[in-house]
Amino acid sequence: ELARLAMAMETEHALQGEIIIRQGQPGNHFYIIQSGQVSIHKNTIDSGRRLSVVVPENCVTTVNAGGFFGELALLNEDLRAA
């Protein structure tokens, strides 16, 4: 089972500051951080900002190497929550 899973995985590289996924988009990928870290930002309706605006005060968590994100939208077949 793990061998099949590993064969299905693809490597993606992101530059510092690059947006990987956007809040409100369909979730069709699950990400595992191999190196570096990713900041997760979530805008709220009352923040007065568009959902595509990334600002430090909207950071809800940071995911480091070995961590993962994107699983909820993928598993629930829902839109991205953050």
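Given the structure is predicted, the values throughout are model-derived calculations rather than measurements.
Thr11 is linked by a side chain to side chain contact (heavy atoms under 4.5 Å, CB included) to His13, counting only residues two or more places apart in sequence or in another chain. For the side chain to side chain contact (heavy atoms under 4.5 Å, CB included) test, residues two or more places apart in sequence or in another chain that qualify with Ile20 are Ala14, Tyr31, Val38, Phe69.
Residues Cys59 and Ser39 come closest through the heavy atom pair SG-CB, 4.1 Å.
Atom CD of Gln34 has 12 or fewer neighbouring heavy atoms from other residues, nucleotides or ligands inside a 6.0 Å radius.
Note that CD of Gln23 is 11.5 Å distant from NE2 of His41, once rounded to the nearest 0.5 Å.
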Candidate pair Lys42 and Asn58, rule side-chain contact (heavy atoms from CB on, under 4.5 Å), full reasoning: CA-CA 6 Å; Lys42 183 172 184 175; Asn58 290 347; 5.9 Å; no
Trace of the side-chain contact (heavy atoms from CB on, under 4.5 Å) decision for Ile40 with Val63: CA-CA 8 Å; Ile40 308 294; Val63 182; 4.0 Å; yes
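One hydrophobic cluster, built from ILVMFWY side chains closer than 4.5 Å, holds both Val60 and Ile33.
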